[in-house]
Amino acid sequence: MLSSGVLFFTVALVAYLMALLLFLFSMLLHRPHIELVGIGALAVGFCVHGAGLVLRGLHAGMITITNTYEALIFYSWVIVLAFQAIAVTIRKYREARALMGLLSSTLAFSMIALAASPLFSQEPQPIAPILRSHWLALHVSCAILGEGFFAVAFVSSILLLWFDRKRRTGQESRVSLDLLDNLSYKAIAMGFPIFTLGGLFFGAIWAQHAWGRYWSWDPKETFTLVTWLVYVVYLHLRVGFGWRGRRLAWVAVIGFLLALFTFAGVNYLIRGLHSYK
Amino acid sequence: MGVKSQFRRLCIVLTSVKVALVLLCALSISAIIGAVVPQYGTNPMADVIHRSYGVALYWIIRLLSLGDVFHAWWFLTLLSLFFLNLVCCTVRRLHLTIRYKIKPCSRQRDLWESANAMSITLPDPPLDREKVEKKVLQLFKRRRFSVVKKGDQIIASRWRFGYLAPDVVHLGVVAILVGAFLGVFRFNGQLFVREEELGQVFRGCKGDKALGCIANVPFDIRIDDFGADVYPGTGIYSGFWTLATVIENGVEIRRCRIELNRPLTYRRISFYQSFYGYDLNAAEIRVFVVDWNRRSPLGLFVLRVGERVQLPGTEDFVFFGQFFTSLTVKPDGTLVNLNTAVPQNPAAVLFVFHGQGDNETLLGSTTVFANQPTPYSDSSIPYAFYIESYYAPRYVGLTYSCDPGYPVVWAGFVVVMLGLFGGLYFRPRRVWVVPDLSNRRVLLLGERSRRVDNQPWFKEVARTLEEELKGGE
C-alpha cells in the first residue's frame with residue numbers, strides 16, 4: 001500500500017476535502033484567513049499527492065499513467081498544480097482566489113475520489129507492451145498538464161458565467177468579470193502550448209515509432225484534434241476579434257468538456273487504438 | 001462586375017479570419033462525425049452497424065460517405081479550402097506584421113487621446129525635451145526594451161519578434177499539411193513469418209506489382225528468430241521481439257532486434273513489430289476418442305483445424321472446428337476466450353457429424369480442454385474426447401512503411417511549437433512615448449489592438465517615469 005502510493009493518495013483526498021470545505025466556509029462566513037488555511041490544506045495535499053506519485057513511479061520504474069486509475073490520480077494532481085500556478089497571479093484578489101480554490105479543489109477531489117472508488121483497481125497492474133516507452137511519460141503527462149490548465153480556465157469561465165448572470169439580474173458581482181476573463185485566458189495561454197506539445201506532437205512521434213503512422217484518425221486522436229481546434233477558435237476570437245466575457249467563456253467551457261470527453265469518454269465509449277482502461 | 005474586382009473579393013474571402021473560423025468549426029464537426037460513426041477503414045463491421053441504424057440513416061451515410069469521412073470528397077475540399085485560407089492569411093499577415101510591427105513606426109496624432117494611453121504631467125518648471133528623452137531612454141533600456149527615436153516620438157519595444165509568432169504558427173501548420181499531403185506517396189505492407197520459416201530470406205523488390213516478394217523494398221530481409229516476453233507468474237505479454245537481418249546484394253548489412261516502439265529503419269523504410277501469436281488456424285491436436293456407449297476406445301487421431309476424420313466402425317465423422325489458447329468456463333456456464341500469450345487452458349471445438357454428403361447431419365459439438373478431463377459437450381454426442389497433445393505454430397507480423405512526408409510534418413510541428421511558446425509565453429510589448437511639452441505632459445501610448453492601461457508592467461513603467469521626471473535632474 002505504501003509503495004503503490006495509495007496511502008498518500010488517501011491523505012491527499014482528505015486534504016483536498018478539507019481545502020474544499022475551508023474555501024466554502026471562507027466564502028460563506030466572509031473570513032479571509034480561513035481561505036489561507038484552505039490554500040495551505042491544498043498545498044499539503046498537493047505535496048503528499050506528489051510524493052505518492054513519485055513513490056509509485058519509483059516502484060514501477062516508470063511514470064505511472066498507464067490506466068484510468070493512474071491517469072485520474074495524475075489529472076487531479078495536475079489540476080491543483082495549475083491552480084497553484086494561476087493563484088500566484090491573483091494573490092491580491094482574495095475573493096476570486098477563494099472561489100477558484102473552491103472549484104479547483106472540488107474538481108481535484110472529485111477526480112481522486114473517483115479513482116479511489118471500487119470502479120478501479122488501485123494496485124499497479126502489468127502494462128500493455130505498447131505502453132513500455134519513454135514517450136508515454138512525455139505524451140501523457142504533457143497532455144494532462146495542458147488539460148489541468150484548461151480545467152482552471154473552465155473553473156474561471158464557470159464563475160464568470162455565474163457572476164455575469166447575477167449582474168444581469170441586478171445583483172452585485174463580488175468578483176471582477178474582467179479578472180475572471182483574464183484568468184481564463186491566462187490559463188488557456190499557458191496550457192495550450194503544453195497540450196499541443198504533449199497531446200499532438202509527442203503523440204504523433206510515438207505513434208510513428210510504435211505503429212508506423214503518425215496520424216491514424218483514431219477516435220482519441222480525432223477528439224484531441226477537435227479539442228485543440230476549439231481552443232484555436234478561442235484564441236482567435238479573443239486575440240483577433242477582441243471577444244471578451246460571456247461568449248468567450250462558453251467556448252472555454254465547451255473546450256474543457258471536450259477535453260474531459262477525450263480524456264475519459266473516448267476510451268470507454270468508442271473503440272480505437274487508445275482503448276486502455 | 002469586372003474580373004479585377006471579383007478577384008479582389010475572392011482575395012478578401014480567402015484571407016478572412018472569419019472564413020478560417022467557419023472552416024475550423026466545419027472540420028471539427030466533420031472529425032467528430034468521423035470518430036463517432038464506424039469507419040470502413042478501421043472497423044470491418046462498419047457496414048453492418050450502419051445498416052442497423054435504419055434505412056434513412058444508412059442512405060444518408062452512403063450518400064455523404066460518412067463511413068469514410070476522412071477520405072470523402074467534401075472533407076478533402078474543406079481541408080483544401082482551409083489550407084488555401086491559411087496560406088493566404090499568412091502571406092497577408094506576414095506582410096502587415098513586418099511593415100507595421102517589426103519595423104518601428106510612429107503613432108498618428110489623432111490616436112494620442114485614445115483610451116489606451118496614459119498621461120504623465122510634467123513638473124513645474126518643466127524639463128526640456130532633451131532631458132525628458134534622456135530619462136525615457138534610460139528607463140526603457142534598464143528594462144531591456146529596444147528604443148528607437150522617430151520624429152518627436154520614442155518607440156520602446158521588447159520581444160518584438162513575438163509579433164511574428166502567429167505567422168510562425170500558421171507556417172508550421174502549413175508545413176504539417178504539406179507533409180500530410182506528401183503522405184499520399186507513402187507505402188506500407190505487412191510481412192507475416194511462421195516459426196517454420198525462420199532463417200528464410202524474404203526478397204525485396206522495387207515496385208508493387210511483383211509477386212512473391214516484399215513490394216517496394218529494395219533490399220532483402222531474413223527473420224532469424226522471434227518471441228514474446230511475459231510478466232513473471234502471469235500469462236500476460238510484456239513485449240514482443242524479432243531478430244532480423246538486412247541483406248543487400250547478398251551481403252549482410254545489419255542485424256537488429258525489432259521490438260515494439262523500436263523499429264528497424266534502413267534506407268528510410270521502417271519495419272515495426274506489429275503482431276505476434278499462435279496461428280490457431282494451423283493448430284494440430286492428437287485426440288483420443290472413446291465410444292461412450294460401448295465404453296471402448298476408438299483410437300488416437302491427429303487432426304488439424306478444418307480437417308475431419310471418420311471414427312472407425314461407425315458412420316460418424318469428427319470435424320476440428322476451432323482452437324483456443326486459453327478458454328475458460330464462467331460460473332454461469334458461458335465460455336470466455338482469454339486469448340493469453342502463454343497457452344493456459346488450450347481447448348478445441350469439435351463437431352460430430354453422422355453420414356456424409358447430402359445425408360450429413362450434425363449430432364452436436366463439444367469443447368475439449370487439454371488440461372481438463374471433462375469435456376464441455378453436447379449430451380447428444382456418444383463419444384468422449386481427450387486431447388493428448390497439441391501444437392499451434394507461432395507467427396510474427398511486421399509492418400513496414402515509408403512515408404516521405406513525415407520529416408516535413410516534424411519540421412512543421414517544431415515550427416508550430418516555437419511559434420506557440422514564443423507567442424503565448426513571451427508576449428511582445430511596445431510603448432510609444434510622446435513628450436508633449438506644449439501641454440506640459442508626457443504621453444505613454446499602448447497598442448491599439450491590446451489594452452495596456454490595466455497591465456501591471458505598463459502601470460509600473462508609467463509610475464517610475466513619473467517619479468523620475470518629478471525628480472528633475
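Computed from a predicted structure; not experimentally measured. Values reported hereafter were calculated over all heavy atoms of this structure, with side chains retained and with hydrogens, waters and symmetry mates removed. Proteins get letters first, then strands, A, B, ... in listed order; numbering begins at 1 in each.
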Checklist entry - So, do B/Leu424 and A/Tyr185 sit near enough that their side-chain heavy atoms are less than 4.5 Å apart? => result yes
Checklist entry - Does A/Leu200 reach the side chain of B/Phe413, with side-chain heavy atoms less than 4.5 Å apart? => result yes
Item to check | Within 6.0 Å of OH in B/Tyr425, more than 12 heavy atoms from elsewhere | outcome: yes
Item to check | Side chain / backbone / both / neither for A/Ile205 at chain B, heavy atoms under 4.5 Å | outcome: both
Item to check | Residue B/Val409 versus chain A: region with a heavy atom under 4.5 Å | outcome: side chain
Item to check | Close side-chain approach of B/Leu260 and A/Arg132, heavy atoms under 4.5 Å | outcome: no
Checklist entry - Under 6.0 Å between the ring centres of B/Phe75 and A/Trp217? => result yes
Checklist entry - When the aromatic ring centroids of B/Tyr406 and A/Tyr214 are compared, is their separation below 6.0 Å? => result no
Checklist entry - At a heavy-atom separation under 4.5 Å, does B/Ala20 approach chain A through its side chain, its backbone, both, or neither? => result neither
Next on the checklist: At a 4.5 Å cut-off on heavy atoms, which part of A/Phe201 comes close to chain B: side chain, backbone, both, or neither?
Outcome noted: both
Checklist entry - Side chain, backbone, both or neither: which part of A/Gln208 has a heavy atom under 4.5 Å from chain B? => result both
Checklist entry - Are the side chains of B/Phe421 and A/Thr196 in touch, meaning some heavy atoms are under 4.5 Å apart? => result no
Next on the checklist: Atom CZ of residue position B/Phe426 - does it have more than 12 heavy atoms of other residues, nucleotides or ligands inside 6.0 Å?
Outcome noted: no
Checklist entry - Are any of the side-chain heavy atoms of A/Thr222 and B/Ile32 separated by less than 4.5 Å? => result no
Checklist entry - Can you tell if the side chain of B/Tyr231 reaches within under 4.5 Å of the side chain of A/Ile127, non-hydrogen atoms only? => result yes
Item to check | Residue selection (most heavy-atom pairs with chain B, distance under 4.5 Å) from A/Ala189, A/Pro193, A/Ala204, A/Gly242 | outcome: A/Pro193
Checklist entry - Which bit of B/Ser274 comes within less than 4.5 Å of chain A, counting heavy atoms only: side chain, backbone, both or neither? => result neither
Item to check | More than 12 heavy atoms from other groups under 6.0 Å of CZ on B/Arg93 | outcome: yes
Checklist entry - Is the backbone N or O of A/His209 less than 3.5 Å from a side-chain atom of B/Asn261, with the two atoms forming a donor-acceptor pair by type? => result no
Next on the checklist: Nearest 0.5 Å, please: how far is CZ in A/Phe195 from CG in B/Leu420?
Outcome noted: 12.0 Å
Item to check | Shortest non-hydrogen separation from A/Gly212 to B/Ser401 and the atoms involved | outcome: O-OG, 3.5 Å
Item to check | Heavy-atom closest pair, residues A/Ile270 and B/Ala35 | outcome: CG2-O, 3.4 Å
Checklist entry - Around A/Trp250, counting heavy atoms of other residues, nucleotides and ligands shown, do more than 12 lie under 6.0 Å from its CH2? => result no
Item to check | Pairwise side-chain contact, B/Thr399 with A/Trp211, heavy-atom cut-off 4.5 Å (strictly under) | outcome: no
Checklist entry - Should B/Arg186 and A/Arg213 count as side-chain neighbours, where that means a heavy-atom distance under 4.5 Å? => result yes
Checklist entry - Taking every heavy-atom pair that is under 4.5 Å apart, which of A/Val233, A/Thr227, A/Leu237, A/Leu258 has the most such pairs with chain B? => result A/Val233
Next on the checklist: Taking atom CZ as the centre, does B/Arg268 end up with more than 12 heavy-atom neighbours from other residues, nucleotides or ligands that are less than 6.0 angstrom away?
Outcome noted: no
